[in-house]
Amino acid sequence: MLVPYEALLSLPQETLQGIIKEYLLSQLEDGSFSDADQQQLARAMEQCKLALKKGELVVEFSEEDESIAIRQREHISRPSAD
């Protein structure tokens with residue numbers, strides 16, 4: 001299930017920031033921000049928020065395993081039309 005952007009705005013800031021950080025970490029091959037300073041991290045988080053607002057990225061909640069993750073819109077599987 002996709003979480004609407006407006007619903008994300010009602011989350012506590014720490015929660016939304018945690019989801020975004022987890023997404024950003026998953027985008028790095030080595031999984032660490034050791035080479036990134038706080039300014040770069042803050043910039044990346046703002047870019048991610050903007051992409052969420054534009055709909056380029058979406059937040060998907062999996063009811064099956066009760067997890068939440070940011071995904072690129074084009075990577076979301078669409079239900080097949082039979």
Side-chain angles (χ1 to χ4, degrees):
M1 164 174 92
L2 296 182
V3 178
Y5 176 75
E6 294 75 26
L8 296 176
L9 299 177
S10 66
L11 290 174
Q13 274 298 349
E14 302 83 37
T15 303
L16 182 56
Q17 288 176 347
I19 295 168
I20 291 172
K21 271 188 182 179
E22 186 175 322
Y23 170 74
L24 293 173
L25 286 170
S26 73
Q27 299 304 298
L28 296 174
E29 290 180 2
D30 65 352
S32 79
F33 273 110
S34 60
D35 292 337
D37 63 21
Q38 289 293 30
Q39 265 190 323
Q40 290 171 318
L41 177 57
R43 202 168 328 137
M45 291 185 72
E46 286 304 314
Q47 288 172 341
C48 188
K49 284 182 188 178
L50 183 59
L52 285 166
K53 185 175 183 177
K54 289 180 175 181
E56 297 165 358
L57 295 175
V58 294
V59 174
E60 183 178 38
F61 175 72
S62 171
E63 294 170 351
E64 186 176 303
D65 59 7
E66 297 183 358
S67 66
I68 193 163
I70 295 175
R71 307 232 186 276
Q72 292 183 8
R73 181 169 289 283
E74 63 266 13
H75 292 161
I76 301 294
S77 59
R78 306 242 187 259
S80 60
D82 291 332

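- The CD atom of Gln17 sits 4.5 Å away from atom CE of Met45, with the distance rounded to the nearest 0.5 Å.
- Linking Ile, Leu, Val, Met, Phe, Trp and Tyr residues whenever their side-chain heavy atoms come within less than 4.5 Å leaves Val58 and Leu50 in two separate clusters.
- Atom CD of Glu22 sits in a sparse spot, with 12 or fewer heavy atoms from other residues, nucleotides or ligands closer than 6.0 Å.
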Practice task
Before giving the answer on side chain to side chain contact (heavy atoms under 4.5 Å, CB included), spell out for Ile19 and Tyr23 the whole-Å C-alpha distance, their side-chain angles and the decisive distance to 0.1 Å.
Solution key: CA-CA 6 Å; Ile19 295 168; Tyr23 170 74; 5.8 Å; no
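- Residues Leu24 and Gln47 fail the side-chain proximity criterion, which asks for heavy atoms closer than 4.5 Å.
- Under the side-chain contact (heavy atoms from CB on, under 4.5 Å) rule, Val59 has a single partner from Ile70, Leu11, Leu16, which is Ile70.
- Taken to the nearest 0.5 Å, the CD atom of Glu60 stands 11.0 Å off from the CZ atom of Arg73.
- Ionic pairing of Lys49 and Glu46 is present here: one or more N-O contacts between side-chain nitrogen and carboxylate oxygen are shorter than 4.0 angstrom.
- Looking at heavy atoms from C-beta onward, Leu57 lies out of side-chain contact with Arg71 at the 4.5 angstrom threshold.
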